[in-house]
Each structure stands twice: as structure tokens, then as C-alpha cells.
Amino acid sequence: MTAPVKGPASYFPSIEKKYGRPIADWKTLIRTSPLTRHRELVDWLKSEHGLGHGHANALVAHTLTEDSDK
């Protein structure tokens, strides 16, 4: 039995469905952006790519956490 996904990753299925792009694409966009601060990246995803705040925040939080664990 698998545990339910929690935290930012729990948004991933709805992000892929709503915006039609795989999560890997969003992570690449975040990682290649010249912006580095959480809030700047969230605002950028919202204004330039039309994401809602919760979805943008989840993507940025997950990606930045993933990168800091490396």
C-alpha cells in the first residue's frame, strides 16, 4: 500500500491536467530562470505563464527544496 502524496507534490496531478505540461517542464523553467527568490519565481509563473498562486507556489517550493537537498 502506498502512502498518499503530501505537501507541494500533491498539487502535481492537477497542475499537469490544468496547464497541459509535465512537471519536469515547469521545474526546468524554474531552474533556468534568472530569478532565484521564492516570491519572485511565484510571481513570474503567475504573470508570465498564467498559473494560479497555489500551483506556482507548490512548483517553486518543491523545486527549490529539491535543489537544496543536492
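Note that the numbering runs from 1 along the sequence shown for the chain. Only a predicted model underlies this, so the values are computations on that prediction, with no experimental measurement involved.
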Set out, in order, the CA-CA distance, both residues' side-chain angles and the distance that settles side chain to side chain contact (heavy atoms under 4.5 Å, CB included) for Y11 and H62, then state yes or no.
CA-CA 10 Å; Y11 286 87; H62 191 271; over 6 Å; no
Apply side-chain hydrogen bond (donor to acceptor under 3.5 Å, both in side chains) to residues H55 and K18 and explain how you reach the verdict.
CA-CA 10 Å; H55 287 161; K18 183 168 184 169; 5.3 Å; no
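When side chains are defined from C-beta on, L59 does not count as touching P8, because their heavy atoms never get closer than 4.5 Å. Contact of the W26 side chain with the L45 side chain is registered, since non-hydrogen atoms from C-beta on lie closer than 4.5 Å. Within the 4.5 Å cutoff, side-chain heavy atoms of K46 are placed close to those of H53.
Distance check, rounded to the nearest 0.5 Å: CG of L64 to CZ of R31 gives 9.0 Å. Taken from CD1 in I30 to OG1 in T63, the straight-line distance is 4.0 Å, to the nearest 0.5 Å. Between E48 atom CD and L35 atom CG the span is 9.5 Å, to the nearest 0.5 Å. Atoms CG and CG, on N57 and L51 in that order, are 11.0 Å from each other to the nearest 0.5 Å.
Aromatic ring centres of H49 and Y19: separated by at least 6.0 Å.
Here the shortest heavy-atom pairing between L29 and W44 reads O-CH2, 3.7 Å.
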